[in-house]
Undergrad: 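Quick one: the structure is below, and I'll ask about it shortly.
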Number of protein chains: 2
Amino acid sequence: MKIGELAAATGCHLETVRYYEKIGLLPKPPRTGSGYRAYRPSDVARVRFIARGRSLGFSLDEIRSLLRLSESPDLACGDVDALARQHLTEVRLKLTQLQRMEAELMATVERCRGGQRATCAVLQSLGEPDLPTSPAISIHAPMG
Amino acid sequence: MKIGELAAATGCHLETVRYYEKIGLLPKPPRTGSGYRAYRPSDVARVRFIARGRSLGFSLDEIRSLLRLSESPDLACGDVDALARQHLTEVRLKLTQLQRMEAELMATVERCRGGQRATCAVLQSLGEPDLPTSPAISIHAPMG
DNA sequence: GTAAACCCCGGAGTCGCTACAGGGTCAAGC
DNA sequence: GCTTGACCCTGTAGCGACTCCGGGGTTTAC
């Protein structure tokens, strides 16, 4: 199975597959005579594992530990669980911040009913001193 | 006012302030005899405007247009409002994705009650084929 | 006088990809 | 046999929004 097929089977770009190999998340596959990567079906499972972890918001480093844990059969489930729980905490924190952001934006936009610039609620809101509540948060969602 | 004071007054790192200057979001301030940046109080307001925009999830490019809009008083509020509304839509989309992520993580973690590796729900869940619902989303929140 | 705290600059590193340039390989159609 | 197009290779650079580092100069406090 060539890289394009693997990519199609997992929904990843093939550049992404190569990237995972480069950073050591995927083992280097054997090559055909002409140098093409030759994957086995188990590689599909591994890439799916990674993709699924990403879709749950795990970082590639976290996924690396999850993979290691999943490959050492003498380890208890507890480590995996701890990682997931910690991650859940982080997700909830981000949720809270995002909800606060939504409420504020909504209030801001609500106040601005096509009025004049001098009274624009959006700009006023941005000019106000910082909220006591919300720390700076940046959210970047590549969804293409 | 020196850059360290500006940073303290706005809650930014001073590298961040320099970065904003570098990309043209902050005007180049005058310098003292020894080359130190000398800021005026109005610069605090501008950096706060940026920080607040960031905390609302605006990109630096969006903030750049907001700043431009806020400085050209003959423009209507509509443009600003449209930007904020568009942004609200994006925030809501991210919220939905994050909520889905939370629900799934929670369900996964709940199933794992200190069981054995062979039946670890977290790993099982990661090994399953991809969800039909959730596209890949990555969230990065620098909160130092 | 000297040590600590501040400031300068330029450049590299972070994360998770994505895109590009400049080539090689392979299968199908004529 | 030759061409066309789809696929593959490598290496490198780019994105956004910072953050950190090295190697220096300056100012302030004791």
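Throughout, a chain's letter reflects where its sequence line sits, starting with A, and its residues are numbered from 1. Every value quoted in this text rests on a predicted model; they were computed, and no experiment measured them.
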Undergrad: dC9(D), OP1 or OP2 - any side-chain N/O from R18(A) closer than 4.0 Å?
TA: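 Checking R18(A) against dC9(D): at least one side-chain N or O falls below 4.0 Å of OP1 or OP2.
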
Undergrad: Would you mind telling me which residue lines up with the more 5' stretch of DNA chain D, T16(B) or S34(B), judged by nearest nucleotide?
TA: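 First, find each residue's nearest nucleotide; the 5'-ward one identifies T16(B).
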
Undergrad: Atom CD1 of I63(A) to atom C1' of dG16(C): distance rounded to whole Å?
TA: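 These atoms are roughly 11 Å apart.
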
Undergrad: Which of the following nucleotides, dC17(C), dT19(D), dC8(D), is nearest to the side chain of H13(B)?
TA: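 Taking heavy atoms from C-beta onward, the closest nucleotide is dT19(D).
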
Undergrad: Given atom NZ of K22(A) and atom P of dT10(D), what is their separation to the nearest angstrom?
TA: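 In whole Å, dT10(D) P lies 11 Å from K22(A) NZ.
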
Undergrad: Figure out the CZ/C1' separation between R37(B) and dG25(D), and round it to whole Å.
TA: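 Whole-Å distance recorded here is 14 Å.
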
Undergrad: Side chain of I3(A) only, heavy atoms from C-beta on: which candidate in dC9(D), dC18(D), dG25(D) is closest?
TA: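 So the side chain of I3(A) is nearest to dC9(D).
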
Undergrad: Which listed nucleotide (dT10(D), dC18(D), dC17(C)) is nearest to the side chain of R31(A)?
TA: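 The nucleotide sitting nearest to the side chain is dT10(D).
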
Undergrad: Between Y20(A) (OH) and dG16(C) (P), how many Å, whole number?
TA: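 About 8 Å, once rounded to whole Å.
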
Undergrad: How is L14(B) classified with respect to the nucleic acid when contacts are heavy atoms under 4.0 Å: base, sugar-phosphate, or nothing?
TA: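 L14(B): backbone/sugar contact only, no base atoms under 4.0 Å.
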
Undergrad: Is L60(B) linked to V91(B) within one hydrophobic cluster, defined over Ile, Leu, Val, Met, Phe, Trp and Tyr using a side-chain heavy-atom separation of less than 4.5 Å?
TA: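 Yes, L60(B) connects to V91(B) through the hydrophobic network.
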
Undergrad: Between dT28(D) atom C1' and E5(B) atom CD, what is the distance in whole Å?
TA: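 Spelled out: CD on E5(B) to C1' on dT28(D) is 13 Å.
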
Undergrad: Got R37(A) and T32(A) here, is their nearest side-chain heavy-atom distance under 4.5 Å?
TA: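 A side-chain contact is absent here, since even the closest heavy-atom pair is not under 4.5 Å.
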
Undergrad: Rounded to whole Å, please give me the gap between CD in E21(B) and P in dA17(D).
TA: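 These atoms are roughly 18 Å apart.
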
Undergrad: With no hydrogens and no angle check, is any side-chain donor or acceptor of T10(A) less than 3.5 Å from a backbone partner on L6(A)?
TA: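 Looks like yes, one N/O pair under 3.5 Å.
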
Undergrad: Could you tell me whether the side chain of R85(A) and the main chain of T89(A) form a donor-acceptor pair under 3.5 Å?
TA: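 Here the side-chain-to-backbone pair does not exist.
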
Undergrad: Between the side-chain atoms of Y36(A) and the base atoms of dG24(C), is any donor-acceptor pair under 3.5 Å?
TA: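 Looking at the base of dG24(C), it does pair with a donor or acceptor on the side chain of Y36(A) (distance under 3.5 Å).
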
Undergrad: For the side chain of Y19(B), counting heavy atoms from C-beta on, which of dC8(D), dA17(D), dT12(D) is nearest?
TA: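 Out of dC8(D), dA17(D), dT12(D), the nucleotide with an atom closest to Y19(B)'s side chain is dA17(D).
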
Undergrad: Between I23(B) (CD1) and dT19(D) (C1'), how many Å, whole number?
TA: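 Rounded to whole Å, this separation is 14 Å.
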
Undergrad: Report the distance from atom CG of L6(A) to atom P of dC8(D), rounded to the nearest whole Å.
TA: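 These atoms are roughly 10 Å apart.
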
Undergrad: From the set dT19(D), dC7(C), dA17(D), return the single nucleotide nearest to any side-chain atom of E15(B).
TA: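 Nearest nucleotide to the side chain: dT19(D).
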
Undergrad: Applying the side chain to side chain contact (heavy atoms under 4.5 Å, CB included) test to R64(B), which of L66(B), D61(B), L67(B) qualifies?
TA: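 In the set L66(B), D61(B), L67(B), the residue that makes a side chain to side chain contact (heavy atoms under 4.5 Å, CB included) with R64(B) is D61(B).
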
